[in-house]
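Scroll down for the structure; my scribbles are underneath it.
Numbers here are sequence positions counted from 1. Indexing begins at 1, ligand by ligand and atom by atom, following the structure's order. Every value quoted in this text rests on a predicted model; they were computed, and no experiment measured them.
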Amino acid sequence: MEVGEGFEVVPPSASAMVESMRAYGYSPGTAVADLVDNSIAAGARNVWLRFIWDGPDSCISVTDDGIGMDEDGLRNAMRLGSRSPLEDRHKDDLGRFGLGLKTASFSQSRRLTVASIMSGGAVATRCWDLDHIARSGTDRWELRTAPMASSERHLQALDSMKSGTVVLWELLDRLVAGTSVGNDADRVAFYRAADLVREHLAMVFHRYIDGPSPRLTIHTGGEKITDQVRGWDPFLTAHPATHEGPTEDIICPGGQFSVTGFILPHKDRLTERAYEEGAGTNGWTGHQGMYVYRNERLLVPGGWLGLGRPRAWTAQAHYNLARIRVDLPNTLDADWQIDVRKSMARVPLGSRERLFELAEIVRGQARKVFAHRARHGARRETEEIVRAWSARPTPDGRSTYRVNRKHPTVRALLAGEAEGKAAIERLLRTLEETVPVRQIWLDTVDQEGEHGRPFENVADSSVRDLMQATYRIYRKRKGLSDSEAVRQVLLHEEFQDFPGIAATLGE
Ligand SMILES: Nc1ncnc2c1ncn2[C@@H]1O[C@H](COP(=O)(O)OP(=O)(O)O)[C@@H](O)[C@H]1O
Ligand SMILES: [Mg+2]
């Protein structure tokens, strides 16, 4: 090819490019999910995911029964940037950048082998061997056209299939570098990583693998397949106490997306097991918020996407029961700034307001369910509980907590029906045992740390009575001088704001 007048060709250095492409920030889970995306896009109904422990020679393979690729197709699939992100995609396609297969694989392994077969064709195999690229020095993008000998046995699954693809990751330097086959701790760590990958897939693809006739089955195991991945449904849609709100469509420049709010059942209504499962990998607080799906594949598992006013909402236990489903078509990738890893999304500016309003509604409802149960427990609402404390809002929206004068223990003392040390001790114990900690906690978060002060908005005369009485205790009982007694009164927490009254206490 002729180089245009006034231009020179500066291709990327293969070894440098490939090494930096390893740092996109994939986890083993997000990397495998990117492969499964490709399988789904290729029409696969089954995916076999294998984790084979062999110390530093361990490997991971993903096999699917999709349409597969021929020699040309596979060569192009291995190319970095095999398709422009600007191209329109089939509406069911989960790909975007033409990079996932390579970036996801390189993030975990230094040797990526792909073997594929299309119906009626022959098996084609290609291999990116990063050590070869690093060694070759010439900075050519040299792709192996046949598998390495050590890889062959892991590609055999294809022999018995009409069409399909095997993606094999070897030299898993990030996962197994420095391990040895015989070391138990190393092996356990490898299988633990495998479990996390399966949990991630259970979450990301739950809408593909759940349901009576699932679109996709993910089989998994080691050399032998022993298991199936079961979906993790963040909305507990099968639970009768889950409240599913209406679905609203929001229009964006590139198309429309839909939003559905869910209020999950309170802990009291879940079995211990269901509660544990509902917590997911990140826990209840980590999983509150927005779930962004693209073609029903989960991109963002919770969080508030920077929504909130005046500051972005942070995760707070009160909103644990709020989970909101956002369904995007793949035509909105640019508007939502979907990243290469498909782990991030940003709310388009024009949709922020409406999404904020909807989230506010769901959050409000979720908070009510959470707070009601937190305050009153799982008891029937018709039973009137006798409480030693009552909470009252002040006119400016804060809360004050009062001892209930009608509580029998309190009333008996006030009415003179009970007296003496023992009766007072009973009262104090009652109060100590029933301090409304949960309610105070709930209110505090709501009011963003605006605490009332002792005797705020109370007439000076009644504060003065109490200060005077305290002053007298110090004078008479303790025999302090006038100025010492005043000083002591002012050390009381409850009188901190009243130095003016203290100055008038002397006799
Ligand atoms: N498992 C597979 N089965 C069939 N084709 C595949 C498979 N994996 C990848 N491909 C092909 O390789 C191309 C590049 O994949 P990838 O690098 O993940 O980019 P993208 O998914 O964004 O297109 C895909 O568009 C597809 O044509
Ligand atoms: Mg892809």
Subject >> Atoms of ligand 1 close to L101 [distance to a heavy atom under 4.0 angstrom, numbered from 1] >> reply: 16 (P), 17 (O), 18 (O)
Original post:
Who pairs with R273 by salt bridge (charged side-chain N to carboxylate O under 4.0 Å, His left out), at least two apart in sequence or on another chain?
Top reply: E277
Original post:
Please, which pairs that meet ring-ring contact (aromatic ring centres under 6.0 Å, His included) have at least one residue in residues 237-258, sequence neighbours excluded?
Top reply: F257-W336
**OP:** Determine whether the side chain, the backbone, both or neither of A77 has a heavy atom under 4.0 Å from any heavy atom of ligand 1.
**Re:** both
Subject >> Element-labelled atoms of ligand 1 that are located less than 4.0 Å from some non-hydrogen atom of A42 >> reply: 3 (N), 4 (C)
**OP:** Using distance alone, decide if ligand 1 has a nitrogen or oxygen within less than 3.5 Å of any nitrogen or oxygen in M69.
**Re:** no
Original post:
With a 4.5 Å limit on heavy-atom distance, are the side chains of L143 and R126 in contact?
Top reply: yes
Original post:
Thinking salt bridges, do R323 and E244 make one under a 4.0 Å N-O criterion?
Top reply: no
Subject >> Side chain proximity check, V259 to T247, heavy atoms < 4.5 angstrom >> reply: no
**OP:** Kindly confirm or rule out an N or O of G98 lying under 3.5 angstrom from an N or O of ligand 1.
**Re:** yes
**OP:** Run the numbers for me: atoms of ligand 1, each under 4.0 Å from some heavy atom of D64, listed by number.
**Re:** 1 (N), 2 (C)
